[in-house]
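Here is the structure we will look at.
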Amino acid sequence: MNVSVVLFTSDLRLHDHPPLRAALEGAREVVPLFVRDRAVTGAGFAAPNRLAFLADCLHDLDEGLRERGGRLVVRSGDVVAEVCRVAAEADADEVHLAADVSAYAQLREVRLRRALEAEGVRLHVHDTVTSAVDPGAVAPASSDHFAVFTPYFGHWSRWRQRDTLGAPRKVRVPDGIGSEPVPSRRGLSGLSPGLAAGGETEGRKRLAAWLRSGIAGYEDGHDDLFGDATSRLSPHLHFGTLSPVELVHRARAAGGPGAEAFVRQVAWRDFHRQVLAARPDAAAADYRTKRDRWRTERTASEDIEAWREGRTGYPVVDAAMRQLRHEGWMHNRGRLLTASFLTKTLYVDWRVGARHFLDLLVDGDMANNQLNWQWMAGTGTDSRPNRVLNPVTQAKRYDPDGAYVRRWVPELAEVAGPAVHEPWKLPGLDRAALDYPDPLVDLSEGLARFRRARERDENRAAP
DNA sequence: GTGTATTTCAG
DNA sequence: TGAAATACA
(Lines give C-alpha, C1' and ligand atoms only; values in the text may rest on other atoms or scores of the structure.)
Protein backbone atom coordinates (compact mmCIF):
# COMPACT_ATOMS: atom_id res chain seq x y z
CA MET A 1 0.00 0.00 0.00
CA ASN A 2 1.45 3.30 -1.05
CA VAL A 3 -1.02 6.14 -1.11
CA SER A 4 -4.36 6.70 0.62
CA VAL A 5 -6.83 9.54 0.22
CA VAL A 6 -8.55 10.96 3.28
CA LEU A 7 -11.75 12.75 2.29
CA PHE A 8 -12.52 15.39 4.91
CA THR A 9 -16.18 16.33 5.24
CA SER A 10 -17.73 17.32 8.61
CA ASP A 11 -14.58 16.30 10.46
CA LEU A 12 -12.19 19.18 9.82
CA ARG A 13 -9.57 18.37 12.45
CA LEU A 14 -6.31 16.54 13.04
CA HIS A 15 -6.89 15.44 16.65
CA ASP A 16 -8.88 12.27 17.27
CA HIS A 17 -9.45 11.54 13.60
CA PRO A 18 -9.79 7.77 12.94
CA PRO A 19 -9.83 8.00 9.12
CA LEU A 20 -6.58 9.98 9.07
CA ARG A 21 -5.01 7.64 11.61
CA ALA A 22 -5.97 4.56 9.59
CA ALA A 23 -4.70 6.10 6.37
CA LEU A 24 -1.35 7.02 7.92
CA GLU A 25 -0.94 3.54 9.37
CA GLY A 26 -1.74 1.82 6.09
CA ALA A 27 0.04 3.99 3.55
CA ARG A 28 3.36 5.72 3.00
CA GLU A 29 1.74 8.87 1.69
CA VAL A 30 -1.68 10.43 2.25
CA VAL A 31 -3.72 12.97 0.28
CA PRO A 32 -5.86 15.04 2.69
CA LEU A 33 -8.68 16.13 0.41
CA PHE A 34 -11.57 18.53 0.75
CA VAL A 35 -14.09 18.84 -2.07
CA ARG A 36 -16.28 21.90 -2.37
CA ASP A 37 -19.30 20.02 -3.66
CA ARG A 38 -21.56 22.29 -5.68
CA ALA A 39 -24.53 20.35 -4.32
CA VAL A 40 -23.69 21.74 -0.88
CA THR A 41 -22.06 25.12 -1.42
CA GLY A 42 -23.82 26.11 -4.62
CA ALA A 43 -26.67 28.57 -5.07
CA GLY A 44 -29.87 27.65 -3.30
CA PHE A 45 -28.00 26.42 -0.31
CA ALA A 46 -25.42 29.17 0.06
CA ALA A 47 -25.30 30.05 3.74
CA PRO A 48 -22.63 32.75 3.99
CA ASN A 49 -22.14 32.32 7.74
CA ARG A 50 -21.28 28.64 7.38
CA LEU A 51 -19.16 29.24 4.28
CA ALA A 52 -17.12 31.76 6.29
CA PHE A 53 -16.72 29.41 9.24
CA LEU A 54 -15.82 26.63 6.79
CA ALA A 55 -13.14 28.84 5.23
CA ASP A 56 -11.60 29.35 8.68
CA CYS A 57 -11.67 25.58 9.27
CA LEU A 58 -10.01 24.74 5.96
CA HIS A 59 -7.37 27.41 6.45
CA ASP A 60 -6.55 26.05 9.92
CA LEU A 61 -6.57 22.45 8.70
CA ASP A 62 -4.16 23.35 5.91
CA GLU A 63 -1.88 25.11 8.38
CA GLY A 64 -1.95 22.15 10.77
CA LEU A 65 -1.04 19.83 7.91
CA ARG A 66 1.78 22.12 6.77
CA GLU A 67 3.25 22.12 10.28
CA ARG A 68 3.41 18.34 9.87
CA GLY A 69 5.06 18.41 6.47
CA GLY A 70 1.86 18.09 4.46
CA ARG A 71 -0.89 20.29 3.04
CA LEU A 72 -4.59 20.27 2.27
CA VAL A 73 -5.74 19.53 -1.28
CA VAL A 74 -8.88 21.43 -2.24
CA ARG A 75 -10.99 20.71 -5.30
CA SER A 76 -14.38 21.87 -6.55
CA GLY A 77 -17.05 19.88 -8.36
CA ASP A 78 -19.01 16.72 -7.77
CA VAL A 79 -17.54 15.05 -4.70
CA VAL A 80 -17.53 11.54 -6.21
CA ALA A 81 -15.98 12.62 -9.50
CA GLU A 82 -13.28 14.63 -7.70
CA VAL A 83 -12.38 11.84 -5.27
CA CYS A 84 -12.02 9.43 -8.19
CA ARG A 85 -9.92 11.94 -10.08
CA VAL A 86 -7.59 12.58 -7.14
CA ALA A 87 -7.32 8.86 -6.35
CA ALA A 88 -6.27 8.24 -9.96
CA GLU A 89 -3.77 11.12 -9.99
CA ALA A 90 -2.17 9.89 -6.77
CA ASP A 91 -2.44 6.23 -7.77
CA ALA A 92 -4.15 5.62 -4.43
CA ASP A 93 -5.56 2.24 -3.49
CA GLU A 94 -7.65 3.32 -0.51
CA VAL A 95 -9.99 6.17 0.40
CA HIS A 96 -10.93 6.88 4.03
CA LEU A 97 -14.10 8.71 5.02
CA ALA A 98 -16.13 9.43 8.16
CA ALA A 99 -19.65 8.01 8.32
CA ASP A 100 -22.41 10.60 8.44
CA VAL A 101 -26.19 10.61 8.67
CA SER A 102 -27.89 12.99 6.23
CA ALA A 103 -29.50 11.77 3.01
CA TYR A 104 -26.76 13.63 1.16
CA ALA A 105 -24.01 11.90 3.17
CA GLN A 106 -25.61 8.47 2.86
CA LEU A 107 -25.96 8.83 -0.90
CA ARG A 108 -22.40 10.15 -1.14
CA GLU A 109 -21.13 7.02 0.58
CA VAL A 110 -23.06 4.69 -1.73
CA ARG A 111 -22.00 6.55 -4.86
CA LEU A 112 -18.38 6.72 -3.74
CA ARG A 113 -18.24 3.01 -2.98
CA ARG A 114 -19.63 2.10 -6.37
CA ALA A 115 -17.42 4.50 -8.29
CA LEU A 116 -14.23 3.62 -6.42
CA GLU A 117 -14.76 -0.12 -6.58
CA ALA A 118 -15.09 0.16 -10.34
CA GLU A 119 -11.57 1.64 -10.27
CA GLY A 120 -10.23 -1.02 -7.90
CA VAL A 121 -9.97 1.45 -5.00
CA ARG A 122 -11.25 0.41 -1.56
CA LEU A 123 -13.45 2.75 0.45
CA HIS A 124 -13.12 2.63 4.26
CA VAL A 125 -15.93 4.30 6.19
CA HIS A 126 -15.10 5.11 9.81
CA ASP A 127 -17.46 5.29 12.79
CA THR A 128 -17.13 7.45 15.93
CA VAL A 129 -15.88 10.46 13.96
CA THR A 130 -18.98 12.63 13.66
CA SER A 131 -20.99 10.99 16.50
CA ALA A 132 -19.87 9.98 19.99
CA VAL A 133 -22.14 6.92 19.84
CA ASP A 134 -22.97 5.93 16.28
CA PRO A 135 -26.46 5.45 14.88
CA GLY A 136 -27.43 1.81 15.30
CA ALA A 137 -24.78 1.16 17.97
CA VAL A 138 -27.64 1.09 20.45
CA ALA A 139 -31.23 0.32 19.42
CA PRO A 140 -34.48 -0.74 21.09
CA ALA A 141 -35.68 -4.34 20.71
CA SER A 142 -38.30 -3.66 18.09
CA SER A 143 -36.90 -0.86 15.95
CA ASP A 144 -33.73 0.33 14.26
CA HIS A 145 -33.68 3.56 16.24
CA PHE A 146 -34.94 5.16 19.45
CA ALA A 147 -37.86 7.56 19.26
CA VAL A 148 -37.74 8.60 22.94
CA PHE A 149 -34.71 10.30 24.41
CA THR A 150 -34.72 8.96 27.97
CA PRO A 151 -34.30 5.25 27.19
CA TYR A 152 -31.85 6.21 24.44
CA PHE A 153 -29.79 8.18 26.93
CA GLY A 154 -29.68 5.20 29.28
CA HIS A 155 -28.06 3.04 26.60
CA TRP A 156 -25.94 5.88 25.29
CA SER A 157 -24.48 6.50 28.76
CA ARG A 158 -23.53 2.86 29.21
CA TRP A 159 -21.81 2.69 25.82
CA ARG A 160 -18.05 2.33 26.20
CA GLN A 161 -16.37 5.09 24.25
CA ARG A 162 -13.16 4.31 22.42
CA ASP A 163 -10.00 6.09 23.57
CA THR A 164 -9.18 9.37 21.87
CA LEU A 165 -6.40 9.56 19.29
CA GLY A 166 -3.71 12.21 19.23
CA ALA A 167 -2.94 14.35 16.19
CA PRO A 168 -0.36 12.86 13.81
CA ARG A 169 3.23 14.11 14.03
CA LYS A 170 3.99 13.83 10.36
CA VAL A 171 1.86 13.72 7.24
CA ARG A 172 3.56 12.96 3.91
CA VAL A 173 1.61 14.17 0.90
CA PRO A 174 2.68 13.00 -2.57
CA ASP A 175 4.12 15.63 -4.93
CA GLY A 176 2.27 16.81 -7.98
CA ILE A 177 -1.29 16.68 -6.69
CA GLY A 178 -2.75 20.03 -7.68
CA SER A 179 -4.95 22.06 -5.36
CA GLU A 180 -7.09 25.12 -5.66
CA PRO A 181 -6.31 27.90 -3.22
CA VAL A 182 -7.84 27.25 0.19
CA PRO A 183 -11.10 29.26 0.21
CA SER A 184 -11.12 32.39 2.31
CA ARG A 185 -13.70 34.64 3.94
CA ARG A 186 -12.85 37.41 1.48
CA GLY A 187 -15.56 38.03 -1.06
CA LEU A 188 -18.34 36.55 1.05
CA SER A 189 -21.22 38.94 1.60
CA GLY A 190 -24.18 38.79 3.91
CA LEU A 191 -22.17 37.65 6.92
CA SER A 192 -23.49 38.20 10.42
CA PRO A 193 -21.34 40.92 12.00
CA GLY A 194 -20.87 38.99 15.25
CA LEU A 195 -20.00 35.68 13.59
CA ALA A 196 -17.68 33.36 15.54
CA ALA A 197 -14.30 32.29 14.19
CA GLY A 198 -13.84 28.73 12.98
CA GLY A 199 -11.01 26.22 12.88
CA GLU A 200 -9.65 23.42 15.02
CA THR A 201 -7.18 25.67 16.85
CA GLU A 202 -9.99 28.02 17.83
CA GLY A 203 -12.25 25.10 18.76
CA ARG A 204 -9.65 23.52 21.04
CA LYS A 205 -9.03 26.87 22.70
CA ARG A 206 -12.75 27.29 23.35
CA LEU A 207 -13.03 23.75 24.66
CA ALA A 208 -10.15 24.25 27.09
CA ALA A 209 -11.66 27.51 28.36
CA TRP A 210 -15.08 25.89 28.65
CA LEU A 211 -13.78 22.97 30.70
CA ARG A 212 -11.71 25.29 32.87
CA SER A 213 -14.29 27.91 33.71
CA GLY A 214 -17.62 27.40 31.94
CA ILE A 215 -18.88 23.89 32.40
CA ALA A 216 -19.19 24.07 36.21
CA GLY A 217 -21.92 26.70 35.89
CA TYR A 218 -23.72 24.96 33.03
CA GLU A 219 -26.41 23.15 34.97
CA ASP A 220 -27.65 26.27 36.73
CA GLY A 221 -27.03 28.78 33.98
CA HIS A 222 -27.73 27.11 30.65
CA ASP A 223 -31.32 28.35 30.33
CA ASP A 224 -30.63 31.97 31.22
CA LEU A 225 -30.87 33.95 27.99
CA PHE A 226 -28.77 36.92 29.02
CA GLY A 227 -26.15 35.12 31.11
CA ASP A 228 -25.64 32.66 28.25
CA ALA A 229 -23.70 30.03 30.18
CA THR A 230 -23.65 27.78 27.12
CA SER A 231 -20.50 26.35 25.56
CA ARG A 232 -20.92 27.80 22.06
CA LEU A 233 -19.17 24.68 20.83
CA SER A 234 -22.03 23.72 18.48
CA PRO A 235 -20.40 25.07 15.29
CA HIS A 236 -17.23 23.15 16.16
CA LEU A 237 -19.24 19.97 16.53
CA HIS A 238 -21.04 20.69 13.28
CA PHE A 239 -17.84 21.12 11.28
CA GLY A 240 -16.00 18.48 13.28
CA THR A 241 -13.24 20.78 14.44
CA LEU A 242 -13.91 19.12 17.78
CA SER A 243 -14.39 15.39 18.19
CA PRO A 244 -17.58 14.40 20.01
CA VAL A 245 -15.76 11.39 21.51
CA GLU A 246 -13.03 13.62 22.91
CA LEU A 247 -15.62 16.10 24.13
CA VAL A 248 -17.44 13.42 26.12
CA HIS A 249 -14.20 12.06 27.60
CA ARG A 250 -12.95 15.45 28.66
CA ALA A 251 -16.30 16.67 29.99
CA ARG A 252 -16.66 13.51 32.07
CA ALA A 253 -13.14 13.99 33.38
CA ALA A 254 -14.09 17.54 34.42
CA GLY A 255 -16.85 15.98 36.57
CA GLY A 256 -19.67 17.59 38.51
CA PRO A 257 -23.34 18.28 37.76
CA GLY A 258 -22.43 20.82 35.07
CA ALA A 259 -20.48 18.19 33.15
CA GLU A 260 -23.34 15.72 33.45
CA ALA A 261 -25.85 18.22 32.08
CA PHE A 262 -23.48 19.13 29.27
CA VAL A 263 -22.80 15.51 28.27
CA ARG A 264 -26.57 15.01 28.16
CA GLN A 265 -26.75 17.69 25.47
CA VAL A 266 -24.09 15.89 23.44
CA ALA A 267 -26.30 12.79 23.74
CA TRP A 268 -29.24 14.79 22.38
CA ARG A 269 -27.13 15.51 19.33
CA ASP A 270 -26.48 11.78 18.85
CA PHE A 271 -30.16 11.05 19.48
CA HIS A 272 -31.21 13.25 16.60
CA ARG A 273 -28.45 11.82 14.43
CA GLN A 274 -29.67 8.26 14.95
CA VAL A 275 -33.22 9.34 14.08
CA LEU A 276 -32.06 11.02 10.87
CA ALA A 277 -29.79 8.10 9.94
CA ALA A 278 -32.79 5.78 10.10
CA ARG A 279 -35.20 8.28 8.56
CA PRO A 280 -33.21 10.62 6.31
CA ASP A 281 -36.45 11.90 4.79
CA ALA A 282 -37.28 13.50 8.16
CA ALA A 283 -35.12 16.45 7.09
CA ALA A 284 -38.04 17.59 4.95
CA ALA A 285 -41.06 15.41 5.77
CA ASP A 286 -42.98 15.00 9.02
CA TYR A 287 -41.50 12.25 11.21
CA ARG A 288 -45.02 11.61 12.51
CA THR A 289 -47.49 13.59 10.55
CA LYS A 290 -50.28 15.46 12.26
CA ARG A 291 -51.83 16.09 8.87
CA ASP A 292 -51.36 19.80 9.41
CA ARG A 293 -52.37 22.25 6.75
CA TRP A 294 -49.81 24.80 7.79
CA ARG A 295 -49.82 28.40 6.74
CA THR A 296 -46.98 29.00 4.32
CA GLU A 297 -45.05 31.69 2.45
CA ARG A 298 -48.06 31.96 0.14
CA THR A 299 -50.68 32.45 2.85
CA ALA A 300 -48.77 34.10 5.70
CA SER A 301 -45.91 36.02 4.08
CA GLU A 302 -46.30 39.11 6.28
CA ASP A 303 -46.32 37.15 9.53
CA ILE A 304 -43.31 35.13 8.38
CA GLU A 305 -41.38 38.25 7.41
CA ALA A 306 -42.15 39.89 10.75
CA TRP A 307 -40.89 36.76 12.52
CA ARG A 308 -37.71 36.63 10.45
CA GLU A 309 -36.91 40.27 11.04
CA GLY A 310 -37.74 40.29 14.72
CA ARG A 311 -40.72 42.63 14.73
CA THR A 312 -43.53 40.40 15.99
CA GLY A 313 -44.23 42.72 18.91
CA TYR A 314 -43.24 39.99 21.38
CA PRO A 315 -39.95 41.32 22.74
CA VAL A 316 -38.28 38.03 23.66
CA VAL A 317 -39.13 36.51 20.26
CA ASP A 318 -37.78 39.58 18.50
CA ALA A 319 -34.63 39.64 20.64
CA ALA A 320 -33.82 36.04 19.79
CA MET A 321 -34.49 36.52 16.06
CA ARG A 322 -32.21 39.55 16.03
CA GLN A 323 -29.49 37.68 17.90
CA LEU A 324 -29.69 35.04 15.17
CA ARG A 325 -29.21 37.59 12.43
CA HIS A 326 -26.43 39.42 14.24
CA GLU A 327 -24.37 36.46 15.45
CA GLY A 328 -25.39 33.58 13.19
CA TRP A 329 -26.22 31.88 16.44
CA MET A 330 -29.10 31.77 18.90
CA HIS A 331 -29.39 30.64 22.49
CA ASN A 332 -31.11 27.24 22.62
CA ARG A 333 -33.91 28.57 24.80
CA GLY A 334 -34.48 31.22 22.13
CA ARG A 335 -34.59 28.54 19.43
CA LEU A 336 -37.34 26.71 21.29
CA LEU A 337 -39.45 29.76 21.96
CA THR A 338 -39.15 31.30 18.49
CA ALA A 339 -39.94 27.91 16.93
CA SER A 340 -42.99 27.50 19.15
CA PHE A 341 -44.12 31.00 18.21
CA LEU A 342 -43.83 30.37 14.46
CA THR A 343 -45.36 26.89 14.40
CA LYS A 344 -47.91 26.99 17.20
CA THR A 345 -48.88 30.63 17.62
CA LEU A 346 -48.67 31.61 13.93
CA TYR A 347 -49.37 28.07 12.68
CA VAL A 348 -46.69 28.38 10.00
CA ASP A 349 -45.02 25.32 8.45
CA TRP A 350 -41.95 24.24 10.44
CA ARG A 351 -39.96 23.96 7.20
CA VAL A 352 -40.19 27.74 6.76
CA GLY A 353 -38.57 28.24 10.16
CA ALA A 354 -36.06 25.43 9.76
CA ARG A 355 -34.98 26.89 6.44
CA HIS A 356 -34.50 30.38 7.89
CA PHE A 357 -32.41 28.92 10.72
CA LEU A 358 -30.31 26.98 8.21
CA ASP A 359 -29.80 30.16 6.21
CA LEU A 360 -28.23 31.92 9.19
CA LEU A 361 -27.05 29.48 11.85
CA VAL A 362 -23.31 28.86 11.83
CA ASP A 363 -24.05 25.50 13.48
CA GLY A 364 -26.97 24.80 11.10
CA ASP A 365 -27.20 21.03 11.06
CA MET A 366 -29.61 18.70 9.24
CA ALA A 367 -30.15 16.37 12.17
CA ASN A 368 -30.26 18.84 15.05
CA ASN A 369 -32.02 21.67 13.28
CA GLN A 370 -34.69 19.76 11.38
CA LEU A 371 -35.54 17.35 14.19
CA ASN A 372 -35.63 20.04 16.86
CA TRP A 373 -37.98 22.01 14.61
CA GLN A 374 -40.13 18.92 14.22
CA TRP A 375 -40.03 18.39 17.96
CA MET A 376 -41.35 21.89 18.56
CA ALA A 377 -43.89 21.63 15.71
CA GLY A 378 -45.26 18.45 17.27
CA THR A 379 -44.50 16.34 14.21
CA GLY A 380 -41.30 14.90 15.65
CA THR A 381 -40.46 12.69 18.62
CA ASP A 382 -42.08 14.84 21.32
CA SER A 383 -44.69 12.86 23.24
CA ARG A 384 -46.70 16.00 23.87
CA PRO A 385 -47.11 17.29 20.31
CA ASN A 386 -49.56 20.06 21.22
CA ARG A 387 -47.38 21.85 23.73
CA VAL A 388 -47.16 25.62 23.25
CA LEU A 389 -44.55 27.83 24.87
CA ASN A 390 -46.03 31.14 25.96
CA PRO A 391 -43.47 33.80 24.99
CA VAL A 392 -44.32 36.05 27.94
CA THR A 393 -44.08 33.25 30.51
CA GLN A 394 -40.85 32.05 28.91
CA ALA A 395 -39.47 35.58 28.90
CA LYS A 396 -40.20 36.12 32.58
CA ARG A 397 -38.68 32.77 33.48
CA TYR A 398 -35.51 32.87 31.37
CA ASP A 399 -34.91 36.62 31.15
CA PRO A 400 -36.25 37.69 34.56
CA ASP A 401 -34.79 41.19 34.49
CA GLY A 402 -35.30 41.80 30.77
CA ALA A 403 -31.58 42.31 30.09
CA TYR A 404 -31.60 39.98 27.07
CA VAL A 405 -34.42 41.90 25.42
CA ARG A 406 -32.75 45.27 26.08
CA ARG A 407 -29.50 43.90 24.64
CA TRP A 408 -31.07 42.93 21.30
CA VAL A 409 -34.07 45.27 20.93
CA PRO A 410 -32.69 48.81 21.22
CA GLU A 411 -36.19 50.30 20.78
CA LEU A 412 -36.92 48.93 24.26
CA ALA A 413 -33.56 49.75 25.85
CA GLU A 414 -35.08 52.47 28.05
CA VAL A 415 -37.75 50.23 29.57
CA ALA A 416 -36.50 49.05 32.96
CA GLY A 417 -36.96 45.63 34.49
CA PRO A 418 -39.29 42.82 33.40
CA ALA A 419 -41.91 45.35 32.20
CA VAL A 420 -39.92 45.24 28.94
CA HIS A 421 -41.54 41.87 28.18
CA GLU A 422 -45.03 43.40 27.90
CA PRO A 423 -44.68 46.83 26.28
CA TRP A 424 -48.40 46.82 25.45
CA LYS A 425 -49.07 47.20 29.18
CA LEU A 426 -47.01 50.38 29.50
CA PRO A 427 -48.87 53.66 30.14
CA GLY A 428 -50.05 55.22 26.89
CA LEU A 429 -47.50 58.00 26.68
CA ASP A 430 -44.52 55.78 27.47
CA ARG A 431 -45.70 53.28 24.94
CA ALA A 432 -46.29 55.88 22.25
CA ALA A 433 -42.71 57.06 22.69
CA LEU A 434 -41.40 53.62 21.71
CA ASP A 435 -40.81 52.80 18.06
CA TYR A 436 -41.88 49.22 18.67
CA PRO A 437 -44.74 47.33 16.99
CA ASP A 438 -47.95 46.10 18.60
CA PRO A 439 -48.18 42.32 19.01
CA LEU A 440 -48.63 40.61 15.65
CA VAL A 441 -51.27 38.27 17.08
CA ASP A 442 -53.13 37.85 20.30
CA LEU A 443 -51.69 34.83 22.07
CA SER A 444 -55.03 33.30 23.00
CA GLU A 445 -56.33 33.82 19.45
CA GLY A 446 -53.21 32.13 18.13
CA LEU A 447 -53.68 29.27 20.55
CA ALA A 448 -57.35 28.89 19.57
CA ARG A 449 -56.44 28.86 15.88
CA PHE A 450 -53.81 26.22 16.52
CA ARG A 451 -56.22 24.00 18.43
CA ARG A 452 -58.90 24.33 15.75
CA ALA A 453 -56.41 23.60 12.99
CA ARG A 454 -54.97 20.53 14.68
CA GLU A 455 -58.42 19.15 15.35
CA ARG A 456 -59.56 19.79 11.78
CA ASP A 457 -56.41 18.37 10.20
CA GLU A 458 -56.13 15.36 12.46
CA ASN A 459 -59.71 14.33 11.84
CA ARG A 460 -59.42 14.65 8.11
CA ALA A 461 -59.80 11.27 6.38
CA ALA A 462 -56.65 9.74 4.97
CA PRO A 463 -56.20 10.58 1.28
C1' DG B 1 -38.21 -18.90 21.88
C1' DT B 2 -42.39 -15.43 20.22
C1' DG B 3 -46.07 -12.55 20.52
C1' DT B 4 -49.09 -9.81 23.44
C1' DA B 5 -50.73 -7.30 27.74
C1' DT B 6 -49.28 -4.18 31.26
C1' DT B 7 -46.86 -0.67 33.38
C1' DT B 8 -44.22 3.26 33.52
C1' DC B 9 -42.87 7.73 32.33
C1' DA B 10 -41.88 11.39 29.30
C1' DG B 11 -37.44 18.39 27.20
C1' DT C 1 -50.73 9.80 24.04
C1' DG C 2 -47.31 6.48 22.76
C1' DA C 3 -42.74 4.28 23.21
C1' DA C 4 -40.02 1.08 25.67
C1' DA C 5 -39.27 -2.17 29.17
C1' DT C 6 -41.13 -5.78 31.62
C1' DA C 7 -44.31 -9.30 32.75
C1' DC C 8 -46.74 -12.94 31.14
C1' DA C 9 -48.96 -16.46 28.38
Side-chain angles (χ1 to χ4, degrees), chain A residues 132-133 135-159 218-225 228-231 234 237 257-279 282 286-292 316-317 320 330-345 350 353-354 357 363 365 367-391 393-399 450-451 453-460 462:
Chain A
V133 176
V138 295
S142 55
S143 169
D144 57 349
H145 70 285
F146 282 91
V148 176
F149 177 72
T150 308
Y152 174 75
F153 185 55
H155 290 268
W156 187 94
S157 300
R158 273 175 263 124
W159 182 260
Y218 183 72
E219 195 192 23
D220 288 339
H222 72 276
D223 259 338
D224 180 61
L225 284 160
D228 191 3
T230 64
S231 73
S234 53
L237 281 169
E260 232 168 89
F262 178 69
V263 165
R264 193 181 165 85
Q265 295 307 309
V266 181
W268 266 103
R269 177 176 179 272
D270 280 355
F271 174 71
H272 287 138
R273 293 174 65 80
Q274 56 99 46
V275 173
L276 192 65
R279 292 275 306 276
D286 290 347
Y287 176 78
R288 270 199 284 272
T289 189
K290 289 280 176 284
R291 316 176 57 71
D292 289 291
V316 78
V317 172
M330 195 197 286
H331 193 290
N332 184 245
R333 180 50 53 184
R335 299 189 197 200
L336 294 174
L337 98 223
T338 54
S340 169
F341 189 81
L342 186 73
T343 58
K344 301 286 176 64
T345 306
W350 63 266
F357 272 29
D363 61 28
D365 184 270
N368 262 329
N369 188 63
Q370 309 307 86
L371 292 169
N372 270 314
W373 267 96
Q374 291 224 44
W375 189 84
M376 203 62 253
T379 61
T381 56
D382 186 9
S383 51
R384 279 170 290 178
N386 293 330
R387 94 171 73 218
V388 180
L389 304 183
N390 181 311
T393 314
Q394 292 276 310
K396 289 176 177 167
R397 191 176 303 154
Y398 302 115
D399 185 29
F450 169 69
R451 290 207 174 116
R454 268 280 156 95
E455 209 166 311
R456 173 197 72 198
D457 295 345
E458 274 182 319
N459 292 336
R460 212 149 35 102

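Naming convention: chains lettered A, B, ... in sequence-line order (proteins, then strands); numbering from 1 in each chain. All values below were derived from every heavy atom in this structure, side-chain atoms included, with hydrogens, water molecules and symmetry-related copies excluded.
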Practice task
Take nucleotides 1-9 of chain C nucleotide by nucleotide from the 5' end and write B, S or -, depending on whether a protein heavy atom sits under 4.0 Å from the base, only from the sugar-phosphate, or from neither.
Solution key: B-SSS----

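Here the straight-line distance linking atom CG of A/Asn386 with atom CZ of A/Arg451 works out to 8.0 Å at 0.5 Å rounding.
Under the 3.5 Å distance criterion, the side-chain polar atoms of A/Arg288 are matched with a main-chain donor or acceptor of A/Gly380. Judged purely by atom type and a 3.5 angstrom limit, A/Arg269 uses its side chain to pair as donor or acceptor with the backbone of A/Leu237.
The environment of A/Arg387 atom CZ is dense: over 12 non-hydrogen atoms of other residues, nucleotides or ligands sit within 6.0 angstrom.
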Between the protein and nucleotides 1-7 of chain B, are there any N/O to N/O pairs under 3.5 Å, and if so, what are the atom names and distances?
none

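Counting only N and O atoms by type, the side chains of A/Arg335 and A/Asn372 include no donor and acceptor under 3.5 Å apart.
For the pair A/Trp375 CH2 and B/dG11 P, the interatomic distance rounds to 8 Å; values are reported in whole Å. B/dG11 atom C1' lies 10 Å from atom NE2 of A/His272, rounded to whole Å. Remark: C1' of B/dA10 and CG of A/Asp382 are 9 Å apart, rounded to the nearest angstrom.
Contact annotation: the side chain of A/His222 never approaches that of A/Phe262 to less than 4.5 Å [non-hydrogen atoms, C-beta and beyond].
Side-chain rings of A/Trp159 and A/His155 stay apart, their centers remaining 6.0 Å or farther from each other. For A/His331 and A/Tyr398, the ring centers sit 6.0 Å or farther from each other.
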